[in-house]
Amino acid sequence: MQSKVAAVILKALEIAKSEGLLHCDVPSQLILDRPKNRDHGDYATSIALALAKSANMQPGVIAKVIVKTLTDNKLLTNAGISKVEIAGAGFINITLESASQGVVVTEILTAGKKFGTSNMLTGKKINLEFVSANPTGPLHLGHTRWAAVGDSLGRLLAAAGAQVSREFYVNDRGNQMDLFGASLRAAALGKPRPEDGYHGEYIEDLAKEIVKSNPQITQLAESESISAFTQAGYKLQLEQQRKALDNFGTNFDTWFSERSLYENNFFNHSLDKLKKQGHVYEEEGATWLRTTDFGDDKDRVMIKSDGTFAYFASDSAYYVSKRERGFNLCIYMLGADHHGYVGRVKALAACAGDDPEKDVEVLIGQMVKIIEGGVELKLSKRAGTIITLEELVEKVGTDAARYTLIRYPTDTPMVMDIDLLRKNTNENPVYYVQYAHARICAVLRNAKELGINYGIKFYAPELLTHERERELVGLLAQYPKVLSSAAELRQPHRVARYIEELAAQYHRFYNDCRVLSLGDEKVSGLNSARASLSQATAQVINNGLDLLGVNAPEKM
RNA sequence: GCGCCUGUAGCUCAGUCGGAUAGAGCGAAUGCCUUCUAAGCAUUAGGUCGCAGGUUCGAUUCCUGCCAGGCGCGCCA
């Protein structure tokens with residue numbers, strides 16, 4: 001509907017220009033806003049103000065020309081417009097006819113689960129890397145934010161037509177792993193842990209489990225024993241992470257091991273590739289990538305002077321791997337403590353001969369604070385007092401945890417109030433939205449019992465003339481736009497905010513417009529129309545929640 | 001010192017491809033269930049959109065500078 005309206009106004013501009021009423025270029029696209037104020041109609045455009053300068057005319061005059069052209073050429077009825085008004089300095093407010101506005105309900109009921117999807121990103125093969133952690137401990141709050149947001153973003157990008165592969169990068173190389181093994185062994189032997197080792201209680205538990213399944217492990221020579229502990233701990237911990245994520249509704253297509261980058265000569269292959277681009281050099285016995293060629297603040301070491309690989313070596317090979325596997329967009333989701341990586345990753349892409357603006361995106365998730373009983377829980381891995389994904393889920397449940405984490409833009413630091421999330425009231429937005437869905441389901445169940453037919457065949461859009469109905473229909477029509485802009489901006493929180501608004505709008509409608517027939521009242525077309533509208537609303541809430549990975553219960 | 005993020009109602013936060021009277025929840029006050037799920041709805045109160053300049057017909061939104069807070073700046077991973 002919206003595109004039809006925009007098209008008709010553009011057409012009016014063309015006609016006005018050809019008739020010599022307007023002397024300026026006609027834009028190829030027209031922006032239609034949804035006015036905040038309902039008195040301003042269903043759509044509004046400020047095109048007259050925008051064109052004022054280049055046309056050298058008063059905005060109000062241009063607006064008049066547009067409106068006159070629209071009416072004179074009888075363009076209004078075809079686009080389903082019932083009213084066009086000029087307001088303020090030159091805004092054009094457009095009101096749709098109920099019937100034409102209401103067709104969106106039919107569209108929703110026809111498309112079902114697919115309503116809102118698009119082909120905006122068709123042809124994009126996206127590698128979405130998120131969570132990526134050391135397999136040396138439980139996933140903490142920062143990981144959890146990305147587990148929720150990343151998963152949702154993956155669904156969103158797929159809904160926009162992209163082919164998405166979700167990838168978890170397992171940091172299973174380097175001295176963190178050795179420290180992990182040494183910490184486990186120390187715990188098993190009751191010895192003090194290494195100074196900069198792992199100190200959480202979970203180390204004790206893991207150590208016990210490892211010793212239980214392999215009692216001889218402590219008898220081995222120290223270095224063998226440590227590496228045996230490392231291996232065993234790695235397996236257990238990775239499995240635990242996988243389970244926790246699975247339980248959280250977050251699944252990955254690929255668990256990519258950092259170690260595997262060094263198998264089958266892959267690292268050398270990727271280094272050769274980089275060398276061919278001419279940004280690799282040797283200095284002081286080390287091998288460097290000249291990332292400063294592309295705006296990084298310093299060059300990065302890949303092979304250290306002692307011959308071992310720096311972390312960045314893995315990064316570079318990993319990137320090459322992603323590109324060789326055919327991804328034409330690599331999205332990295334990193335924590336705020338890694339924001340220094342942005343320049344480096346972009347420069348890396350450039351060093352590999354790619355376009356850092358197009359082929360790579362780095363999203364930074366700010367810190368999450370958690371408050372319980374009015375006190376901030378301080379997070380320290382060292383002291384072992386981290387809040388884990390499992391603990392969060394245990395405290396508030398998967399739905400509330402996911403929803404809350406997704407609800408905020410990731411570039412703002414957020415505070416989670418555990419006490420609030422435990423409340424089953426509308427202080428807690430996830431319940432508010434879920435309640436709206438459950439409420440609709442209840443209404444529809446009752447409708448069936450009363451013999452009220454609803455659905456595409458029984459829906460008469462022209463009957464929906466009440467202000468609440470029009471508002472609700474108008475909001476439903478916005479959903480595809482919300483999805484595409486959320487996908488484009490990589491901001492799943494927009495979906496959450498939208499369905500909150502939709503839930504609120506439904507509750508308002510529900511309060512003012514009775515869906516079901518009363519008592520002995522005869523069932524009318526209006527009952528059917530309203531029930532169909534309710535059904536469409538439930539469908540959109542369901543679709544939205546689905547993108548967030550949150551349940552849409554039919555009963556609460 | 002340099003870089004990234006943030007600063008909007010008492011609290012937690014949305015919003016802004018530049019547009020008409022800046023929004024929501026909580027908290028405060030007051031109404032609405034002899035008939036759809038009151039986990040709901042409505043009304044009222046509450047704002048120099050951090051500060052100062054600039055661009056513009058128009059700036060909370062864009063630009064510059066400053067102030068405040070968070071986080072980073074290893075041949076660690």
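Here is how names work: the chains are called A, B, and so on, in the same order as the sequence lines, proteins then strands, and each is numbered from 1. The figures that follow rest on heavy atoms only: side chains count, while hydrogens, waters and symmetry mates do not.
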Applying a 4.0 Å non-hydrogen cut-off, can you work out what [X] is touching in the nucleic acid: base, sugar-phosphate, or nothing?
| X | value |
| --- | --- |
| V443(A) | base |
| T412(A) | sugar-phosphate |
| A87(A) | base |
| E554(A) | base |
| R514(A) | base |
| E501(A) | nothing |
| R407(A) | nothing |
| P59(A) | nothing |

Round to the nearest Å and state the distance from [X] atom [atom1] to [N] atom [atom2].
| X | N | atom1 | atom2 | value |
| --- | --- | --- | --- | --- |
| N527(A) | C36(B) | CG | P | 14 Å |
| Y510(A) | A39(B) | OH | P | 10 Å |
| M416(A) | C11(B) | CE | P | 21 Å |
| E471(A) | C41(B) | CD | P | 14 Å |
| Q434(A) | U37(B) | CD | P | 18 Å |
| I370(A) | U12(B) | CD1 | C1' | 15 Å |

Basic-acidic side-chain contact under 4.0 Å: [X], [Y]:
| X | Y | value |
| --- | --- | --- |
| E471(A) | R468(A) | yes |
| R193(A) | D196(A) | no |
| D512(A) | R508(A) | no |

Please determine whether a side-chain nitrogen or oxygen atom of [X] lies at a distance below 4.0 Å from atom OP1 or OP2 of [N].
| X | N | result |
| --- | --- | --- |
| N93(A) | A20(B) | no |
| T45(A) | G19(B) | no |
| K369(A) | G69(B) | no |
| K304(A) | C76(B) | yes |
| K555(A) | U37(B) | no |
| R494(A) | U16(B) | yes |
| Y432(A) | C41(B) | yes |

So if I take every side-chain heavy atom of [X] and compare against [options], which nucleotide ends up nearest?
| X | options | answer |
| --- | --- | --- |
| D337(A) | U16(B), U37(B), C71(B) | C71(B) |
| A44(A) | G40(B), A20(B), C36(B) | A20(B) |
| R508(A) | A77(B), G40(B), A42(B) | A42(B) |
| L518(A) | A14(B), U35(B), A20(B) | U35(B) |
| M367(A) | G70(B), G19(B), A39(B) | G70(B) |
| N511(A) | C4(B), C41(B), A77(B) | C41(B) |
| A286(A) | C4(B), C75(B), U16(B) | C75(B) |
| N446(A) | A14(B), C36(B), C75(B) | C36(B) |
| D411(A) | C36(B), A77(B), C5(B) | C5(B) |

In whole angstrom, give me the gap between the [atom1] atoms of [N] and [M].
| N | M | atom1 | result |
| --- | --- | --- | --- |
| U30(B) | G70(B) | P | 40 Å |
| C75(B) | U12(B) | P | 40 Å |
| U8(B) | G50(B) | C1' | 10 Å |
| G23(B) | G19(B) | P | 13 Å |
| A45(B) | A29(B) | P | 16 Å |
| A9(B) | G27(B) | C1' | 11 Å |
| A20(B) | G58(B) | C1' | 11 Å |
| C63(B) | G31(B) | P | 49 Å |

Next on the checklist: Heavy-atom count check: over 12 atoms from other residues, nucleotides or ligands less than 6.0 Å from E554(A) CD?
Outcome noted: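 Atom CD in E554(A) is not packed in, count stays at 12 or less.
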Item to check | Heavy-atom neighbours of K304(A) NZ exceed 12 at 6.0 Å | outcome: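 It does: K304(A) NZ has more than 12 such atoms within range.
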Item to check | ring pair (Phe, Tyr, Trp, His ring centres under 6.0 Å) evaluation trace for H507(A) with Y435(A) | outcome: CA-CA 10 Å; H507(A) 287 314; Y435(A) 180 68; 5.8 Å; yes
For [N], give its Watson-Crick or G-U wobble partner with both distances under 3.5 Å, or none.
| N | result |
| --- | --- |
| A14(B) | none |
| C49(B) | none |
| C4(B) | G70(B) |
| C62(B) | G54(B) |
| A20(B) | none |
| C75(B) | none |
| C32(B) | G40(B) |

Next on the checklist: Go nucleotide by nucleotide along RNA chain B from the 5' end; which of V301(A) and Q491(A) gets its closest nucleotide reached first?
Outcome noted: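 Between the two, 5'-proximity favours Q491(A).
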Next on the checklist: Both F309(A) and L516(A) contact RNA chain B. Taking the nearest nucleotide for each, which residue is further toward the 5' end?
Outcome noted: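 The 5'-side residue here is L516(A).
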Next on the checklist: Using only atom types and a distance under 3.5 Å, with no angle test, would you say the side chain of S532(A) pairs donor to acceptor with the backbone of G455(A)?
Outcome noted: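 Side chain of S532(A) to backbone of G455(A), a donor-acceptor pair under 3.5 Å: yes, one is there.
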Next on the checklist: With the criterion set at under 5.5 Å between ring centres and under 30 degrees between planes, would A20(B) be stacked on H40(A)?
Outcome noted: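 Whether judged by distance or by angle, H40(A) passes, so it stacks on the base of A20(B).
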Checklist entry - For Y435(A) and G40(B), are the ring centres under 5.5 Å apart with planes inclined under 30°? => result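 Stacking between Y435(A) and G40(B): absent.
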Next on the checklist: Can you tell me whether the side chain of E284(A) and the base of C75(B) have a donor-acceptor pair closer than 3.5 Å?
Outcome noted: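 Yes, a donor-acceptor pair under 3.5 Å.
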Checklist entry - Is a donor-acceptor contact shorter than 3.5 angstrom present between the side chain of Y341(A) and the base of A77(B)? => result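 Flag set: donor-acceptor pair detected.
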Checklist entry - Hey, what do you get for CH2 (W255(A)) to CZ (F168(A)), rounding to the nearest 0.5 Å? => result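 If we round to the nearest 0.5 Å, W255(A):CH2 and F168(A):CZ are 4.5 Å apart.
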Checklist entry - What's the spacing between E282(A) CD and I303(A) CD1 if we round to 0.5 Å? => result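 E282(A) CD to I303(A) CD1: 7.0 Å, rounded to 0.5 Å.
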Checklist entry - Can you tell me if H40(A) and N93(A) form a side-chain donor-acceptor pair at under 3.5 Å? => result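 There is no such pair (donor and acceptor under 3.5 Å, judged by atom type) between the side chains of H40(A) and N93(A).
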Next on the checklist: Please classify C33(B) as syn or anti, treating any glycosidic angle within 90° of 0 as syn.
Outcome noted: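 What C33(B) shows is a syn base, its glycosidic angle lying within 90° of 0.
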